[in-house]
Amino acid sequence: MIPHSVIEDLKYRSDIVDVISSYVPLKRAGANMNGLCPFHSERSPSFTVFTGGDPHFFCFGCGAGGDVISFIMRIENLDYRSALDFLAKRAGITLPDDDAREEQGVGRKRILEMNVCAARYFRSVLNDPVMGQPGREYIEKRQLPSSVVRRFGLGYAPDGGYSLHDHLKQNGFTDEEMTAGYCCGISRKGYPYDLFRGRLMVPIIDAAGNIVAFGGRIIGEAKPDKNGFTPPKYLNSSDTPAFKKSNHLFALNYAKANASECLILCEGYMDVIMLHAAGFENAVATLGTAITPNHARIMKKYTNNVVISYDSDAAGQKAADKALRLLAEAGIDAKVLRMNGAKDPDEYIKTFGAARFRELLNESRPRFEYKMENILAAHDIGDPAEKIKAASEICMEIASVYSHVERDVYIARAAKAFSIDPKSIKNDVEAIINRRQRQAKKARPAELVREGMGLSDRVNPDFARRPKAARLEEALLGLLLLRQDYLKRAVGGAPVCEGDFPTELGRRIFCAVRDAEDAGGFNIGLLNENFTQDEVSRAHRMLSARQMLTNNGSDAYDEVLTALRAENDKIQNENADDFQYFIKKKRGELSDGATPPHSGGTT
């Protein structure tokens with residue numbers, strides 16, 4: 001492993017405020033810094049950067065937390081080693097080789113190397129006079145200039161079963177690496193085969209310029225195989241150690257340089273390629289999946305304005321509606337481009353020209369105008385019953401708007417469209433808002449109970465079994481993360497030990513703290529090596545909770561540990577009583593109506 005002293009030096013050179021402020025605007029809040037969390041959509045800042053002691057961040061809204069390395073891992077979608085390389089490059093230093101460490105599974109670096117090899121192979125096949133002819137004919141049919149073909153690194157996967165596999169094998173890649181990187185699959189008989197066959201190949205390149213995945217557009221009509229399976233028109237890489245669909249936008253590596261005015265959001269990569277060919281180099285697309293909140297937050301890093309250019313069919317309009325909502329939640333001013341006479345941007349530009357498409361972009365409709373047009377088109381407002389339904393739907397839309405000023409503007413617009421007194425619409429909107437607030441208030445206590453009992457805790461599933469002991473465990477771990485000298489402090493004749501922790505996650509965190517301290521010193525950043533990002537965030541939540549308390553002295557530590565041990569003893573006694581109950585029940589020594597003494601005990 002890279003020596004901890006080197007990692008600590010890297011963190012010292014990578015000031016956490018300086019690094020995070022390059023992604024998130026921060027404001028001073030006492031001794032710390034606050035800002036809007038980049039990992040979930042919010043309007044009030046709940047993201048805090050703690051600058052004292054061991055600098056770290058924590059979001060009190062979504063629970064994301066960690067040190068500067070954790071932040072880069074999350075924001076750039078990198079593994080631990082890649083995040084270290086990222087920060088080292090930023091700081092202008094070179095990390096020592098890490099070849100001695102034991103690799104577990106297939107790592108991101110190896111997948112990226114394989115993707116480069118595969119992209120070069122697809123490109124060479126496209127240029128082959130015989131094998132690449134179907135791909136070149138499709139490119140010519142779509143009227144793609146050679147400059148765009150080179151820019152996007154387009155290639156062709158031949159319609160065979162093993163050509164890519166054999167090429168990668170010759171270049172030193174294993175079957176395990178090919179399947180982990182979604183270049184090959186494994187047949188029922190256990191043989192590897194190419195996943196991309198007879199397709200125009202599009203490398204998916206991240207914002208840093210790495211080929212992280214591939215997309216393939218089938219050439220010609222998809223035909224069923226001997227088992228009756230018809231391959232999809234578009235085939236995209238599944239998630240791999242180097243790629244997660246929700247963390248990437250196609251062509252962002254190019255579009256980010258042209259995004260200051262706006263981004264054009266398309267449905268697929270072929271739409272994006274055609275727009276770039278027509279001169280619209282600020283176009284991006286999601287990758288084989290619907291837009292997610294994370295996609296919206298990624299776009300927010302580069303622009304405040306997005307024009308949604310989805311297909312004009314019903315599915316495209318439904319997707320546009322979802323995109324409008326998610327982009328608005330991320331604080332983006334989103335509009336919808338409505339095309340008449342064409343089903344997608346490519347067809348529109350070929351029919352009417354790029355100049356007319358540019359005019360169309362300027363005529364894009366804001367969310368409310370778009371929604372109102374759709375509602376009015378779906379109802380005959382000459383019919384009183386239909387008019388009431390349409391007005392009700394409009395009121396529901398207006399009630400979802402956060403700004404009071406915006407609501408007043410939309411109320412006036414709706415009142416004019418329906419020939420209704422604005423006061424009536426305003427009253428209905430306020431009634432909807434009040435009803436939603438009552439429902440949220442009513443649901444909150446139940447949600448708090450579930451959170452307190454840990455019933456929805458996916459990071460630490462053991463929490464729900466014994467919530468009181470788990471809460472005490474978190475308090476104790478928070479103190480140990482804050483002050484490792486408590487590790488050897490004897491309370492009741494014995495220092496804290498692994499058996500004091502009732503959950504599996506708690507024991508793992510304790511062991512990591514203990515072992516690192518014994519090896520020369522613990523730093524919470526070391527958790528990044530062997531814990532998931534959610535688990536690291538949970539540890540930082542424990543630490544942040546203690547830092548916000550005034551009493552973290554030895555008396556507080558003694559009190560928490562004593563209470564935890566008492567709760568653990570209680571659990572053991574209850575389990576013993578329950579065990580005796582079941583033994584007697586099995587022997588027939590108890591009546592049929594007898595119940596276990598402790599319904600919460602385990603056997």
Side-chain angles (χ1 to χ4, degrees), residues 111-171 173 177-185 192-206 209-223 231-240 242-243 245 248-254 266-277 284-289 346:
I111 296 293
L112 295 179
E113 291 172 351
M114 182 175 65
N115 287 346
V116 171
C117 184
R120 288 173 177 165
Y121 172 73
F122 293 139
R123 179 67 177 164
S124 68
V125 172
L126 181 67
N127 292 329
D128 185 274
V130 179
M131 288 196 301
Q133 184 176 351
R136 292 194 303 275
E137 289 178 350
Y138 179 81
I139 288 172
E140 185 177 350
K141 179 182 176 182
R142 296 298 296 258
Q143 301 175 27
L144 285 173
S146 58
S147 59
V148 172
V149 173
R150 289 193 301 271
R151 180 180 178 85
F152 285 95
L154 302 186
Y156 180 66
D159 195 8
Y162 313 98
S163 59
L164 175 62
H165 169 267
D166 294 344
H167 178 79
L168 293 176
K169 197 81 169 180
Q170 291 171 4
N171 282 271
F173 296 98
E177 290 168 339
M178 293 181 218
T179 54
Y182 204 77
C183 285
C184 293
Y193 64 91
D194 294 351
L195 286 170
F196 297 99
R197 289 169 285 173
R199 294 178 181 272
L200 182 76
M201 296 303 298
V202 182
I204 309 302
I205 303 173
D206 67 10
N210 301 303
I211 299 176
V212 293
F214 291 96
R217 204 282 186 195
I218 200 164
I219 303 295
E221 294 296 322
K223 299 178 180 179
K233 179 189 291 187
Y234 291 97
L235 179 63
N236 302 298
S237 296
S238 294
D239 289 353
T240 72
F243 174 67
K245 290 185 179 70
H248 293 279
L249 289 165
F250 177 69
L252 184 61
N253 55 314
Y254 295 129
C266 303
E267 283 193 85
Y269 45 77
M270 289 308 299
D271 288 332
V272 171
I273 293 172
M274 299 307 298
L275 281 176
H276 278 247
V284 297
T286 54
L287 294 159
T289 182
D346 178 32

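Only a predicted model underlies this, so the values are computations on that prediction, with no experimental measurement involved.
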Where do [X] and [Y] come nearest, in terms of heavy atoms and distance?
X: Val272; Y: Ala251; answer: CG1-CB, 3.6 Å
X: Cys266; Y: Asp271; answer: CB-CB, 3.9 Å
X: Tyr156; Y: Gly132; answer: CD2-CA, 4.1 Å
X: Phe243; Y: Ser238; answer: CD2-O, 3.5 Å
X: Arg136; Y: Asn127; answer: NH1-C, 3.9 Å
X: Ile211; Y: Asn115; answer: O-ND2, 3.0 Å

Rounded to the nearest 0.5 Å, how far apart are [atom1] of [X] and [atom2] of [Y]?
X: Tyr234; Y: Leu287; atom1: OH; atom2: CG; answer: 12.5 Å
X: Tyr193; Y: Ser163; atom1: OH; atom2: OG; answer: 14.0 Å
X: Tyr269; Y: His276; atom1: OH; atom2: NE2; answer: 15.0 Å
X: Glu113; Y: Asn171; atom1: CD; atom2: CG; answer: 11.5 Å
X: Tyr121; Y: Leu164; atom1: OH; atom2: CG; answer: 6.5 Å
X: Glu137; Y: Glu140; atom1: CD; atom2: CD; answer: 7.5 Å

Any heavy-atom pair between the side chains of [Y] and [X] that's under 4.5 Å?
X: Asn210; Y: Ile205; value: no
X: Leu168; Y: Met114; value: yes
X: Ile204; Y: Ser237; value: no
X: Leu200; Y: Ile219; value: yes
X: Leu249; Y: Thr286; value: yes
X: Val202; Y: Phe250; value: yes

Under the side chain to side chain contact (heavy atoms under 4.5 Å, CB included) criterion, do Val148 and Gln143 qualify, and how do the steps go? CA-CA 10 Å; Val148 172; Gln143 301 175 27; over 6 Å; no
Measuring centre to centre across the rings, with the benzene-like ring taken for any Trp, is Phe122 within less than 6.0 Å of Phe214?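 So the answer is yes for these two rings.
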Candidate list Arg199, His167, His165, Met178, test side chain to side chain contact (heavy atoms under 4.5 Å, CB included), partner Asp194, passing option: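 When Arg199, His167, His165, Met178 are each tested with Asp194, the side chain to side chain contact (heavy atoms under 4.5 Å, CB included) holds only for His165.
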Within 45° cone of Tyr254 ring axis and under 6.0 Å: Arg151 NZ or CZ: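 Yes, Arg151 sits over the ring of Tyr254.
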Heavy-atom count check: over 12 atoms from other residues, nucleotides or ligands less than 6.0 Å from Arg142 CZ?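 Enclosed.
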